[in-house]
Amino acid sequence: MKKFFIGFAVVSLLIAGVLSYFASGSPDGLDKTVEDTGIAEHAREHPFAGSTFADYAFGGDDRFTGLAGVLGVVVVLAVSFGLFWLLRKKSDAQKSDAQKSDAR
């Protein structure tokens with residue numbers, strides 16, 4: 001099981017760090033439709049438009065797209081690991097309490 005998680009992390013980091021440079025910079029279907037219909041003229045910037053990871057780039061520089069992807073993967077994996085660890089600990093404590101009550 002440990003090998004699976006390590007492999008998953010490595011593949012995720014490779015996809016985020018390497019394949020992100022091959023992504024198209026052209027607008028996707030929704031963005032293209034919004035531009036073609038004129039809806040984009042009424043759009044406003046979101047509150048995080050000037051943040052460090054805005055537009056899938058690190059510091060607004062497209063050369064660091066891979067770095068932004070890698071950091072995003074690391075953050076998501078860390079949060080996920082933390083949540084799973086907390087839930088597992090809670091589950092282990094409940095099992096321990098159930099075993100103690102069964103022993104009585």
Side-chain angles (χ1 to χ4, degrees):
M1 189 67 137
K2 193 174 191 177
K3 288 181 183 180
F4 170 78
F5 287 116
I6 292 171
F8 180 80
V10 168
V11 169
S12 299
L13 290 170
L14 282 173
I15 289 171
V18 177
L19 292 182
S20 59
Y21 287 107
F22 296 102
S24 173
S26 301
D28 63 10
L30 180 60
D31 287 337
K32 180 75 170 137
T33 303
V34 167
E35 289 173 5
D36 290 348
T37 58
I39 296 172
E41 295 172 13
H42 306 289
R44 295 176 288 155
E45 286 290 334
H46 57 83
F48 299 108
S51 70
T52 305
F53 296 112
D55 293 329
Y56 305 106
F58 188 72
D61 192 343
D62 289 338
R63 294 177 296 166
F64 299 117
T65 299
L67 178 61
V70 167
L71 290 174
V73 167
V74 168
V75 167
V76 168
L77 289 177
V79 169
S80 300
F81 178 77
L83 288 173
F84 286 129
W85 182 75
L86 286 173
L87 293 172
R88 179 174 175 225
K89 225 172 169 160
K90 186 177 179 181
S91 175
D92 288 346
Q94 289 174 347
K95 285 180 187 177
S96 171
D97 291 342
Q99 288 173 350
K100 287 179 185 175
S101 66
D102 287 344
R104 292 181 192 169

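All residue numbers in this chain count up from 1 along the given sequence.
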Same apolar cluster: F22 and L13, side chain cutoff 4.5 Å
no
Out of curiosity, F5 CZ to L77 CG, how far, rounded to the nearest 0.5 Å?
10.5 Å
About how many Å separate CG of D36 and NZ of K32, when rounded to the nearest 0.5 Å?
4.0 Å
Given V76 and V79, is the side chain to side chain contact (heavy atoms under 4.5 Å, CB included) satisfied, shown in steps?
CA-CA 5 Å; V76 168; V79 169; 6.0 Å; no
Taking atom OH of Y21 as the centre, report whether more than 12 heavy atoms of other residues, nucleotides or ligands fall under 6.0 Å from it.
yes
Here the pair of heavy atoms bringing V70 nearest to G17 is CG2-CA, 3.6 Å
In terms of hydrophobic clusters joined by side-chain contacts under 4.5 Å, are L67 and V73 together?
no
Shortest non-hydrogen pair, D28 vs D31, comes out as OD1-N, 2.9 Å
Calculate, to the nearest 0.5 Å, the distance between atoms CD and OG1 belonging to E35 and T33 respectively.
9.0 Å
